[in-house]
Amino acid sequence: MAYDFNSIEKKWQQYWAHNKVFKAETAPGKPKYYVLDMFPYPSGAGLHVGHPLGYIASDIYARFKRHKGFNVLHPMGYDAYGLPAEQYAIQTGTHPEVTTEKNIKRYRRQLDQIGFSFDWDREVRTSDPDYYKWTQWTFIQLFNSWYDKSADKARAIDLLIGEFAKNGNGEVNAACDGLEVFSADRWNSYTEAEQQNILMNYRLAYLKDTVVNWCPALGTVLANDEVKEGLSERGGHPVERKLMKQWLLRITAYSQRLLDGLDTIDWTDALKESQKNWIGRSEGASVNFDIKGHNEIIEVFTTRPDTLFGASFMVLAPEHELITSLTTPQQKEKVEDYVKWAKNRSERERMTEVKKVTGMFTGSYAVNPLSGNEIPIWTADYVLAGYGTGAIMAVPGHDSRDFAFARHFGLPIIQVVVGSGDEAGDTATWDDSYDSKEGVMINSGFLNGMSVKEAIQASIQKIEEMEIGYRTINYRLRDAIFSRQRYWGEPFPIYYKDGMPYALDESELPLKLPPVDKFLPTEDGDPPLARAENWHTKDGYPLETNTMPGFAGSSAYYLRYMDPHNEEEYFSKEANEYWRDVDLYIGGDEHAAGHLIYSRFWNKFLYDLGMVCEEEPFRKLINQGKIQGRSSFVYRIKGTNTFVSKGLRKDHETQALHVDINMVDNDILDTEAFTNWLPEYKNAEFVLEDGHYYCGHEVEKMSKSKHNVQNPDALIDKYGADTLRLYEMFLGPLEQDKPWDTNGIEGVFRFLRKYWRLFFDEDDNLLLNDENPTDEELKVLHKTIKKVNFDIERFSFNTGVSAFMICVNELSDLKCHKREILEQLTILLSPYAPHITEEIWQILGHSGSISTTAYPVHNEDYLAENSIEYPVSFNGKMRFRLKLPVDLPKAEIERAALEAEEAQRWLEGKTVRKIIVVPGRIINIVVG
RNA sequence: GCUCGAGUGGUGGAAUUGGUAGACACGUUGGACUUAAAAUCCAAUGUGACCAUUGCGGUCGUGCGGGUUCAAGUCCCGCCUCGAGUACCA
């Protein structure tokens with residue numbers, strides 16, 4: 001029988017589903033392995049060949065681990081909330097739930113036909129009330145928690161309330177916004193609203209007026225990681241800064257733990273690096289500057305307290321709270337104008353005009369605490385309100401931004417560091433600030449003569465003695481804005497009483513997303529949920545109208561998979577203690593700063609609550625590379641309807657146009673299909689080369705508009721899922737970006753048929769026999785077993801596929817049809833090509849699935865050689881090969897090499913200076 | 001600007017981590033089989049007008065220039081190019 005992949009694949013997909021072959025059960029005593037894919041957002045466009053790349057790799061690994069005797073958890077689900085379905089709802093009125101359901105069905109069908117070994121009984125969807133109940137539940141826990149810096153963990157807010165009532169907040173060391181100290185008596189005298197207001201500063205989920213990334217086109221706020229280059233990640237719309245009352249998560253409390261945790265997990269350095277950058281830890285000092293004629297002080301953060309003597313002015317962010325009180329009457333109007341202008345600039349403008357120096361003098365002066373100099377206080381938008389204290393001491397001699405500012409406004413520039421051996425320069429002649437990472441202090445009073453390193457320590461010590469500052473650490477990481485003014489997301493389990501937010505009782509969960517008449521904001525600009533009828537509690541208190549962001553539902557989905565149908569709790573302790581953490585997580589690197597930080601934070605919080613037993617959720621993580629599109633082009637002679645083949649285009653003035661890759665085979669255009677493609681090409685004429693129209697090509701992002709999208713369905717129709725799986729792996733290293741090119745798929749398809757022909761001849765006769773294998777056949781098999789095991793363990797799937805090809809080529813050459821060999825090969829191949837191997841397994845006479853059969857282990861005895869073909873080099877250049885017994889002593893090898901016939905022409909007239917013999921590897925003879 | 005990747009035939013890529021560069025596959029060319037096509041099989045395929053040219057060979061060759069080494073795609077120093085991320089972070 002011929003290799004009929006169509007019926008084979010359908011048969012086994014049904015078998016797996018029907019028999020629940022991949023169902024995972026909590027089985028204490030059996031070793032577990034948790035393989036997770038980043039779950040997809042089910043978009044309307046369906047899957048293209050880039051999506052399954054990571055799924056295929058993880059599936060191969062999951063199947064491999066099952067063969068190795070592990071109890072494998074390999075689930076899949078959907079990140080079902082998201083903007084596209086809601087944008088579609090706004091345009092068409094179709095409820096996002098309907099769109100999402102439809103898209104999920106399509107995704108499921110596409111996923112099923114690739115033959116993944118998912119346990120679909122564990123599927124989760126973030127938009128399912130049974131699931132988001134627990135997202136809401138976690139939010140309530142965050143709302144009811146505060147971060148105790150002394151214990152370095154989250155704790156219940158009730159403990160804090162008890163402490164306030166007993167001792168006030170004097171002894172509390174919490175992650176919170178700066179607050180006045182109050183006594184117990186004071187606390188007890190506050191009204192409930194006042195107490196709630198104070199507690200809001202401590203909660204891990206808190207409401208606050210915040211400058212946010214407001215995207216008018218989407219009508220919502222976006223998190224920092226959802227904004228790329230001043231535009232929204234989804235849709236590319238402009239983003240503005242706007243002050244709004246928003247829910248935030250106090251992720252900053254976990255900055256240090258998020259940083260430290262990176263050392264305990266097996267992620268790539270690149271990924272750890274981007275997390276480190278996103279967290280952005282910097283060590284330095286906080287220093288207070290007195291203001292001449294005012295009682296207030298300006299607090300700044302600096303990483304270079306050693307350069308304090310060089311601070312010749314100060315700059316406050318336009319949003320800084322002291323600006324109004326500091327500005328002198330003469331400067332009032334100018335400063336107000338400047339602040340207004342700066343605040344109204346879009347993020348995009350700020351970014352594109354980085355070089356433009358702007359600012360305004362407030363009229364006031366601060367006192368440099370070390371030099372005693374009076375220095376002017378300016379405001380400028382190069383100082384960011386969100387970082388440090390929103391104020392800086394400017395050291396123009398050694399900071400290029402401060403330098404540009406000082407030059408522009410004619411402010412003094414003082415050099416305080418000089419490179420060892422260099423002379424102090426004349427700052428008036430400088431083009432830029434002077435690099436001061438290393439050097440010796442000058443013009444700096446008691447610091448003079450110290451190295452930069454010494455001076456940093458000495459200056460901090462001094463300001464601590466003077467009680468005007470202290471050593472501190474700053475993080476770039478900001479608290480995560482958690483409100484979205486959208487419909488299609490989780491409702492907050494929050495209601496308002498006297499304007500203060502309260503959490504719903506857990507028994508009220510899930511708080512279901514209500515129906516609305518339109519998916520748009522109200523006339524008053526309130527979010528869509530404000531349109532819902534009866535959007536209030538039983539007692540009539542209004543419910544929160546914002547919804548949660550996309551990352552809410554995706555931050556802990558891996559935990560729900562452990563126990564997805566639990567109605568009593570998020571997941572049972574038993575399930576968590578068995579499955580613990582994700583052993584292997586595969587997904588795209590676009591989540592490096594978003595999902596992967598939020599998930600780690602969320603997990604650490606649940607760890608603090610004692611709910612999860614592992615502090616880090618993802619032990620090993622691999623980023624699969626992107627598959628890029630390979631676009632094809634035709635060349636139209638300008639102003640005509642004539643198209644010239646690629647090689648001839650230089651003779652004309654042409655315009656390159658994208659052409660649908662489905663009409664192009666091996667760069668040759670199907671001209672008939674092309675003329676039928678679009679009406680405008682109906683009368684197209686072609687100038688051919690050698691009778692063909694050759695297209696040009698380019699590697700670009702895969703997108704509809706470039707007509708270069710390859711979706712898996714067509715390929716599966718033509719070649720089958722096993723071929724697709726092998727080909728996606730064969731394309732190149734998993735982690736590398738690579739262009740899609742259908743040409744190579746034939747080779748993989750040929751390989752599978754060649755494998756099939758080891759079992760059947762052309763007339764469909766079974767060739768299998770029970771003869772004893774020869775040493776040579778055993779060697780081919782065991783060489784392959786060794787290589788394939790080694791390659792799977794290091795996630796080198798492309799070289800694994802080529803090992804299979806070599807093996808099948810060699811067995812074909814040997815005309816080997818022996819059961820003992822082919823049975824082992826079949827098990828070995830089954831993680832890669834599960835359908836064909838199940839079929840062969842059955843043909844071999846086995847019943848049931850191949851999927852838990854013990855994976856072959858190689859035996860070194862079969863690989864042992866009794867002779868080695870040594871490459872013999874002269875001065876490092878390989879000249880000939882020499883076959884020698886494997887256990888020949890070194891001296892003998894040397895002699896054999898020198899005496900070899902082929903060696904003589906290289907030795908002629910030369911002196912042998914040295915012979916290097918690496919036994920089993922190489923012989924190198926140095927002559928001269 | 002900063003951070004991280006990556007540069008190997010016509011193409012995707014391999015190289016046991018310092019030891020035969022180009023595995024495996026695509027493509028191309030030629031051939032076998034066939035009425036023909038498909039499928040299958042076999043062979044050739046980095047470059048060059050530098051030596052030899054009757055063949056075997058030799059020389060050069062992993063982005064560029066140096067270096068270390070018996071030996072470098074791999075290690076070190078200095079560049080170039082491309083890609084990704086990030087962006088006034090004090």
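Values in this document were obtained by computation on a predicted structure and should not be read as measured data. Lettering follows sequence order; numbering is per chain, from 1.
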Anything under 30° is parallel, anything over 60° is perpendicular, the rest tilted; go ahead and classify A:Phe749 against A:Tyr3. tilted
Atom CG of A:Asp432 and atom C1' of B:C88: how far apart are they, to the nearest Å? 13 Å
Using a 4.0 Å heavy-atom cut-off, does A:Leu384 contact any base of the nucleic acid, only the sugar-phosphate backbone, or nothing at all? base
Quick one: sort the A:Tyr338 and A:Trp341 rings into parallel, tilted or perpendicular, breaks at 30° and 60°. tilted
Anti versus syn assignment for B:U17, with syn defined as within 90° of 0: syn
Distance, rounded to the nearest Å, where A:Lys276 contributes NZ and B:C2 contributes P: 20 Å
Per nearest nucleotide of RNA chain B, the residue lying toward the 5' end, A:Ala593 or A:Gln736, is A:Gln736
Donor-acceptor side-chain pairing of A:Thr389 and A:Glu299 below 3.5 angstrom: no
Test item: side-chain donor near acceptor, A:Asp479 and A:Thr252, under 3.5 Å: yes
Measuring from the side chain of A:Ile916 (C-beta onward, heavy atoms only), which nucleotide among B:A14, B:C70, B:U86 has the closest atom? B:C70
Can you tell me how far P in B:U59 sits from the matching atom in B:A52, rounded to whole Å? 15 Å
In this structure, how many angstroms lie between the C1' atom of B:A39 and the CG atom of A:Leu752, rounded? 16 Å
For nucleotides B:C42 and B:G61, find the distance between their P atoms and express it as a whole number of Å. 35 Å
B:G9 to B:G1 separation - C1' atoms, rounded to the nearest Å: 37 Å
Among B:A90, B:U11, B:G19, which nucleotide has an atom closest to any side-chain atom of A:Thr303? B:A90
When every nucleotide of nucleotides 20-25 of chain B is labelled 5' to 3' by its protein contacts under 4.0 Å (heavy atoms), B for base, S for sugar-phosphate only, - for none, what sequence of letters results? B--BBS
Over all strands shown, is A:Ser274 touching base, sugar-phosphate only, or nothing at heavy-atom distances under 4.0 angstrom? nothing
So does A:Arg879 get a side-chain nitrogen or oxygen closer than 4.0 Å to the phosphate oxygens (OP1/OP2) of B:U59? yes
B:C80 to B:G27 separation - P atoms, rounded to the nearest Å: 40 Å
What class does the angle between the rings of A:Tyr382 and A:Phe405 fall in, given that below 30° is parallel, 30 to 60° is tilted and above 60° is perpendicular? tilted
Using side-chain hydrogen bond (donor to acceptor under 3.5 Å, both in side chains) as the criterion, list what pairs up with A:Glu319, not counting sequence neighbours. A:Arg241
Using the test side-chain hydrogen bond (donor to acceptor under 3.5 Å, both in side chains), find all partners of A:Asn875 that sit at least two apart in sequence or belong to another chain. none
Report yes or no: do A:Thr799 and A:Asp791 form a side-chain donor-acceptor pair below 3.5 Å? yes
So what does A:Asn924 touch, heavy atoms closer than 4.0 Å: a base, only the sugar-phosphate, or nothing? base
On a whole-Å scale, what distance lies between the P atoms belonging to B:G19 and B:A71? 14 Å
By side chain to side chain contact (heavy atoms under 4.5 Å, CB included), which residues pair with A:Asp269, not counting sequence neighbours? none
Please identify each residue that fulfils side chain to side chain contact (heavy atoms under 4.5 Å, CB included) with A:Gln710, with sequence neighbours left out. A:Val49, A:Ile661, A:Met702, A:Leu715, A:Trp740, A:Thr742
Apply the syn/anti split at 90° from 0 to B:G10 and say which one it is. anti
Check whether any side-chain nitrogen or oxygen of A:Lys914 sits under 4.0 Å from OP1 or OP2 of B:C70, and answer yes or no. yes
When you compare B:U28 with B:A84, how far apart are their P atoms, in angstrom units rounded to a whole number? 31 Å
Kindly assign one of parallel, tilted or perpendicular to the pair A:Phe797 and A:Phe795, based on the angle between their ring planes and the thresholds 30° and 60°. perpendicular
Taking any heavy-atom pair under 4.0 Å as a contact, classify A:Arg757: base, sugar-phosphate, or nothing. sugar-phosphate
Here the distance between atom P of B:C4 and atom CG of A:Leu271, to the nearest Å, is 14 Å
Between P of B:U3 and CZ of A:Arg281, the distance in whole Å: 20 Å
Side chain of A:Arg753 only, please: which of B:C88, B:A39, B:A71 is the nearest? B:A39
Measure the distance from CD on A:Gln628 to P on B:C82 and round it to the nearest whole Å. 16 Å
Just call it for A:Val383: base, sugar-phosphate, or nothing, with non-hydrogen atoms closer than 4.0 Å on any strand. base
How does RNA chain B look in dot-bracket form if you count Watson-Crick and G-U pairs under 3.5 Å, write [ ] for pairs that cross, and put | where a base pairs with another strand? (((((((..(((......[....)))((((((.......))))))....((.....))....(((((..]....))))))))))))....
Just call it for A:Val926: base, sugar-phosphate, or nothing, with non-hydrogen atoms closer than 4.0 Å on any strand. sugar-phosphate
Identify whether any heavy atom of A:Ser282 sits under 4.0 Å from a base atom; if not, whether one sits that close to sugar-phosphate; answer base, sugar-phosphate or nothing. sugar-phosphate
Sticking with atom P, work out how far B:G18 lies from B:A72, rounded to a whole angstrom. 14 Å
Value in whole Å for how far the P atom of B:G83 lies from CD of A:Glu735: 21 Å
Reported CD-to-CD1 distance for the pair A:Glu894 and A:Ile915, which is rounded to 0.5 angstrom: 4.5 Å
Closer to the 5' end of RNA chain B via nearest nucleotide, is it A:Asp813 or A:Ser796? A:Ser796
P atoms of B:C79 and B:G73, separation to the nearest Å: 23 Å
Nearest-angstrom distance from the residue atom CG of A:Asp589 to P of B:A6: 14 Å
